[in-house]
Amino acid sequence: MAAGAFVSLCKHLQALSDEVQNIDMMNISGFCRNCLAKWMVLEARKLAKNLRQDAEFAVGFTSSTEEYRSTVKALDGLGYDEAAQEVYGCTYPEWKKRHQKKASEEQMKIYNENTHLHAVHDKDLLWKKRHQKKASEEQMKIYNENTHLHAVHDKDLLKKAVDGGDEMLLNYCQKYLSEKVMTRLKAGAFSNLCIHLRERSDVIQNVELMTISGFCRNCLAKWMVVEARKISDETRPLALEGSEKEQLVQALDSFGYDQAAQVVYGCTYPEWKKRYQTKATEEQMERYSGSSHLHAKHDLSLLATRVLNDHSSAIESNAKEHIQNTHHNTKGQHKHPLLSDVCCEDVDNFQPTERPCEKFSSIVSPPNDNMKLKIAILTVSDRAASKSYKTGDLSGPAVEQAIIEHLNHLKAALSEQNVSVTNVEKDIVPDEISDIKQKLLLWSGKSNESMRGCPCDLIFTTGGTGFATRDVTPEATLSVVDRECQGLMSWASMELTAIQPLATLSRAAAGLCGNTLIVNLPGNPAGAAQVVELLFPLLLHAIADIRKN
C-alpha cells in the first residue's frame with residue numbers, strides 16, 4: 001500500500017511539473033522530487049545490505065542463487081539517475097529542461113533561510129556501487145589540473161531527442177529490478193517521506209503543503225487507502241473461503257482513512273491536529289483557494305471502509321476493534337472522517353486526547369496572590385521587521401493568543417480567576433543584538449528611555465533562537481540579564497522533545513533583568529505557542545517570587 005501511495009504521489013507531481021517547482025517544495029516542506037529519488041536509493045542500499053548479511057532473509061526474498069546475485073548487483077547499480085526516472089517519469093535533465101524555472105532572488109532567500117527544514121541525505125550511500133569507485137580528492141585535483149589533455153566532444157551530437165517514445169532512455173528499474181524489489185524501494189521511500197514530515201510537524205502545515213504542491217499528509221493517507229482497495233480487488237477472485245487470501249481481502253477492506261493516517265502522521269489525525277495544527281490566516285486561505293486547480297482529487301467511494309460480509313474472521317474483528325479504540329469516547333462522530341476532496345478541510349466532532357501541556361497546567365496551579373501582569377512580546381526577525389511577509393508577523397500574535405487561551409483555561413478550571421493581564425506591549429526588531437538589547441532594557445525599566453511607571457513583569461521574545469548566523473536573540477538576552485535561569489529552558493526543551501525532536505535544537509535562554517523575567521521562544525508560531533502553554537504556570541510562580549523582593 002505504501003508503494004502504491006508513493007506511485008500516486010509521483011504521478012501527482014508529474015502532472016504538475018510546470019506548476020509545482022522543486023524549490024518551492026523545499027521552502028515549504030523541506031523535501032522535493034529529488035529527495036523522493038534519493039530515499040529510493042537509500043532504501044536500495046539497505047535492502048542490498050540485508051540480502052548480503054542476513055542469509056535467512058535472502059533465502060526468503062529470492063528464489064535462487066542466480067536471482068540473489070542479479071538482485072544485489074542491480075540494487076548496487078541503482079543510483080540517483082535511475083531512481084529519478086521513477087519519480088520524474090523521465091530523466092532529471094529532461095524534466096529540468098522542460099519544466100524547471102529559474103529561481104527568483106526571493107525564492108533563493110527563503111531557501112537559504114529554511115535550510116533547517118531540508119532533508120539531509122548521506123551522499124556516500126547515494127554513490128553507485130557497481131564498478132566505479134568514488135574519486136579521491138587527489139584524483140580530482142589531478143583531473144582538474146589536466147583538462148588541457150581531455151578529449152573534446154560535440155555535445156549537440158551526443159544529445160538524445162526528448163520527444164518521448166522510442167527515443168527515451170531505457171528505464172533501468174524496469175529492466176533489472178523485479179516488481180517485488182521495486183515495491184520494497186517505493187514503500188521505503190514513502191516511509192522516509194512520512195518520517196520527514198513527522199519530524200517537522202510543528203513547522204509544516206497541511207494548508208501550506210496543499211497550496212504549494214497540491215497534496216498534504218491527508219492525501220498520502222488517502223492514496224494508501226485507494227491502493228488497499230486496488231489490492232483487494234485484485235486478490236478477491238483468488239481468495240477461497242477460509243484461506244489466508246480471504247483474510248487479507250477482509251483486512252484490506254477494513255483498512256480506512258483512520259488507520260492510514262496513523263501510518264502517515266505517526267499518531268491519530270485528531271491527536272496531530274490538536275498538537276500541531278494552527279488556525280489558517282485569511283492570507284493562507286486566500287492562497288489556498290487560489291491554488292485549488294492543483295489540489296489532488298480522491299474518489300470518496302473508494303475511501304469509505306467497505307461493509308464486511310457474514311464470514312468475518314478474527315482479522316475483521318480486530319480491525320473493527322482497532323477503529324473503536326482509535327475513537328473511543330466520541331459522540332456523534334463521522335463514520336468516515338475527512339472523506340473530502342479538500343484535504344485540509346476541518347473535521348468536526350473529534351475528541352482529541354489531552355496534550356501533555358494541558359495535563360501539566362492542570363497540575364501546577366497559579367499562585368494564590370491576585371496577579372495583574374504587564375507583559376511584552378518582542379518579535380525578532382529581519383523579514384518581519386522589513387515587512388517582507390505578506391501575512392505580516394504571525395509569531396507575536398500567536399504568543400499573545402496562547403497567553404489569552406491559557407488565562408481562559410485557568411478561569412474555566414478554577415472557581416476564582418486571580419490572574420489577569422493589564423497591558424501588553426508589542427514590537428518587531430531585526431536580528432541585531434543592539435536592537436534586541438535596546439528593547440529589552442526599555443521594557444525592563446533599565447534604560448533612560450524606559451516608560452514611566454512599573455517595568456514589565458514578563459517579556460517574551462520570539463525568533464532568532466536557532467543556529468543560523470543571524471540567530472542572536474539568546475546572546476542579546478544573556479547580555480542584559482542579571483541572573484540566568486538555565487533550568488527553566490532545559491526542562492522546557494526536555495518536555496517538548498517528546499512531542500517534537502527538533503525542539504532540542506533550540507538555544508533559547510531565560511533570565512532576570514532587574515525585576516523583569518525574560519524568556520526566549522522559537523520563531524515558529526505553533527512552537528512559540530507550545531512553549532508558552534508549557535511554561536506559563538511556572539512563570540507565574542517565578543513572578544510571585546520576584547514580587548516578594
Side-chain angles (χ1 to χ4, degrees), residues 6-41 79-121 123 126 155-156 158-165 167-169 189 193 196-197 200 203-216 219-220 283-297 343-344 382-383 386-391:
F6 181 82
V7 172
S8 296
L9 170 60
C10 292
K11 288 181 178 179
H12 170 82
L13 292 175
Q14 288 167 16
L16 298 176
S17 290
D18 290 322
E19 296 90 343
V20 180
Q21 293 292 297
N22 280 338
I23 190 169
D24 290 327
M25 291 182 67
M26 288 295 292
N27 289 344
I28 290 296
S29 60
F31 81 95
C32 66
R33 297 172 179 88
N34 292 331
C35 296
L36 299 178
K38 292 175 182 178
W39 282 326
M40 278 189 68
V41 177
Y80 168 79
D81 293 336
E82 291 76 17
Q85 280 190 283
E86 290 293 314
V87 174
Y88 284 96
C90 62
T91 66
Y92 174 62
E94 289 168 354
W95 184 92
K96 186 177 179 181
K97 184 176 181 180
R98 291 175 180 174
H99 306 291
Q100 186 163 309
K101 301 170 186 176
K102 185 176 180 180
S104 65
E105 291 184 5
E106 178 67 15
Q107 285 175 312
M108 290 306 302
K109 182 179 179 182
I110 297 173
Y111 178 87
N112 292 324
E113 289 176 351
N114 289 319
T115 53
H116 61 287
L117 292 180
H118 297 176
V120 179
H121 307 282
K123 294 182 179 179
L126 293 174
K155 294 182 179 179
D156 291 332
L158 293 174
K159 289 180 180 177
K160 275 186 173 281
V162 293
D163 296 329
E167 296 299 324
M168 292 293 289
L169 293 174
L193 170 60
H196 171 88
L197 292 174
R200 294 157 177 80
V203 290
I204 300 177
Q205 292 293 304
N206 280 338
V207 68
E208 295 289 357
L209 266 175
M210 285 294 290
T211 299
I212 292 298
S213 59
F215 80 95
C216 68
C219 295
L220 300 179
E283 176 72 17
Q284 284 177 312
M285 289 309 301
E286 184 179 346
R287 289 189 287 110
Y288 171 83
S289 299
S291 66
S292 58
H293 62 287
L294 301 178
H295 299 177
K297 299 295 187 295
C343 281
C344 295
D382 288 330
R383 298 186 68 201
S386 62
K387 298 182 179 179
S388 299
Y389 291 116
K390 293 181 180 180
T391 59

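- To the nearest 0.5 angstrom, Gln85 atom CD is 10.5 Å from Tyr80 atom OH.
- Under the side chain to side chain donor-acceptor pair (under 3.5 Å) criterion, Gln100 pairs with Tyr92, sequence neighbours left out.
- Every residue two or more places apart in sequence or in another chain was checked for a side chain to side chain donor-acceptor pair (under 3.5 Å) with Asn112, and none qualifies.
- Taking both residues in full, the closest heavy atoms of Ile204 and Ile28 are given as CG1-O, 3.6 Å, listed atom of the first, atom of the second, then distance.
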Test side-chain contact (heavy atoms from CB on, under 4.5 Å) applied to Val41 and Lys38, step by step | CA-CA 5 Å; Val41 177; Lys38 292 175 182 178; 5.5 Å; no
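- Judged as a side chain to side chain donor-acceptor pair (under 3.5 Å), and not counting sequence neighbours, Glu105 has no contacts.
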Could you please spell out the steps behind the side-chain contact (heavy atoms from CB on, under 4.5 Å) verdict for Leu9 and Val87?
-> CA-CA 9 Å; Leu9 170 60; Val87 174; over 6 Å; no
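- A donor-acceptor pair shorter than 3.5 Å can be found between the side chains of Thr91 and Glu94.
- At a cut-off of 3.5 Å, with distance as the only test, a side-chain donor of Asn34 or Tyr88 sits close to an acceptor on the other residue.
- The main-chain N or O of Ala83 is never found under 3.5 Å from a side-chain atom of Glu86 such that the two would form a donor-acceptor pair.
- Closest non-hydrogen pair, Ser17 versus Gln21, comes out as O-NE2, 3.5 Å.
- Remark: Met108 CE to Ile110 CD1 distance equals 11.0 Å, nearest 0.5 Å.
- Side-chain contact between Arg383 and Glu113: present, with at least one pair of heavy atoms (C-beta onward) separated by less than 4.5 Å.
- Ring centroid separation for the pair Phe31 and His118 does not come in under the 6.0 Å cut-off.
- Considering all non-hydrogen atoms of both residues, Asn27 and Tyr111 come closest at OD1-CA, 2.8 Å.
- Distance check, rounded to the nearest 0.5 Å: SG of Cys216 to CG of Asn206 gives 4.0 Å.
- Considering every non-hydrogen atom in both Leu16 and Ser213, the closest pair reads CD1-O, 3.8 Å.
- Remark: the backbone N or O of Leu294 is not paired with any side-chain donor or acceptor of Ser291 at under 3.5 angstrom.
- The two residues Ala189 and Phe6 have their closest heavy-atom pair at CB-CE1, 3.5 Å.
- Although no hydrogens or angles enter the test, the distance criterion places no donor-acceptor pair under 3.5 Å between the side chain of Gln284 and the main chain of Val207.
- A distance of 10.5 Å separates OG in Ser8 from NE2 in His12, rounded to the nearest 0.5 Å.
- Here Met26 contributes atom CE and Arg33 contributes atom CZ; the two are 12.5 Å apart, rounded to the nearest 0.5 Å.
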Stepwise side-chain contact (heavy atoms from CB on, under 4.5 Å) test for Met25 and Leu13 | CA-CA 11 Å; Met25 291 182 67; Leu13 292 175; 4.1 Å; yes
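- Heavy atoms of other residues, nucleotides or ligands lying less than 6.0 angstrom from CD of Glu283 number more than 12.
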Step by step, would you call Met210 with Cys219 a side-chain contact (heavy atoms from CB on, under 4.5 Å)?
-> CA-CA 9 Å; Met210 285 294 290; Cys219 295; 4.0 Å; yes
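- The backbone N or O of Ser289 lies less than 3.5 Å from a partner atom in the side chain of Ser292, making a donor-acceptor pair.
- Annotation: the span from Asp24 atom CG to Ile212 atom CD1 amounts to 5.0 Å, rounded to 0.5 Å.
- For the pair Lys297 (side chain) and His295 (backbone), a donor-acceptor distance under 3.5 Å is present.
- Side-chain contact check for Trp39 versus His196: some heavy-atom pair is nearer than 4.5 Å.
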